[in-house]
Amino acid sequence: MRIDPYERVWIVLGLFVLVAFLVGVIASVTVFGYHLPGPAGYVDPRRLAQTPPFDQPGLRQIAPGKYEVILVAMTWTFRPNEVRIPAGSEVTFVLSSQDVIHGFRIPKTPVNLMIIPGQITRTTVRFDRPGEYTFYCHEYCGIGHQVMSGRIIVESASASR
Ligand code: CUA
């Protein structure tokens, strides 16, 4: 079979790009550890309010400089919707929804997650800079979606005790 020289160049280029992308995908998983966030557990959304730890939403300190926030999403608010921590804290968010699918985004951080009824979502993020971080639902969840937000207040080390 005769292949036109120009055609041959494009075939080689196309194969090269395919192989380069394949190597990129494999390297990102094996070398750089990229992965999709998976569910951190399962829970019955109808009994969320009675199921620990979601029966007691809120902030708790788990070690010096380390906090955990149990956060329940519902139409159309987060419980709690205000969290106050000192700068330099490492905060683990443990989230679930009691009704429909919500989103969880904290601008100025890498946090960008889905909150799915029946699943537990977990992420850890460090807040070094004092200031106010608004978090919000980024998944359309009904008529009150646009008011579904809250804030994290990171206090400078001198301000907190
Ligand atoms: Cu919850 Cu949009």
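Counting convention: from 1, in listed order, for ligands and their atoms alike. Start at 1 with the first residue, then count along the sequence. Predicted model, so just to flag it, every value in this text is computed and none were measured.
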Student: Let me check your reading of the structure: within less than 2.8 Å of atom 1 (Cu) of ligand 1, is there an N/O/S atom from H145?
Tutor: no
Student: Taking both backbone and side-chain atoms into account, decide whether T75 has an N/O/S atom under 2.8 Å from atom 1 (Cu) of ligand 1.
Tutor: no
Student: Is the distance between atom 2 (Cu) of ligand 1 and the nearest N/O/S atom of C141 smaller than 2.8 Å?
Tutor: yes
Student: Do other residues, nucleotides or ligands put more than 12 heavy atoms under 6.0 Å from the CD atom of Q50?
Tutor: yes
Student: Which atom, counting only N, O or S, brings E139 closest to atom 2 (Cu) of ligand 1?
Tutor: O
Student: Under a 4.5 Å cut-off applied to non-hydrogen side-chain atoms, are V154 and R129 in contact?
Tutor: no
Student: Quick check on atom 2 (Cu) of ligand 1: does H138 put an N/O/S atom closer than 2.8 Å to it?
Tutor: no
Student: Does a sphere of radius 6.0 Å around CZ in R105 hold more than 12 heavy atoms from other residues, nucleotides or ligands, not counting ones at 6.0 Å or beyond?
Tutor: yes
Student: Any non-hydrogen side-chain atom of F135 less than 4.5 Å from a side-chain atom of V111?
Tutor: no
Student: With side-chain contact (heavy atoms from CB on, under 4.5 Å) as the test, would you mind laying out the steps for L18 and L22 before giving the verdict?
Tutor: CA-CA 6 Å; L18 274 181; L22 188 67; over 6 Å; no
Student: For atom 1 (Cu) of ligand 1, give me the closest N/O/S atom belonging to H102, just the atom name.
Tutor: ND1
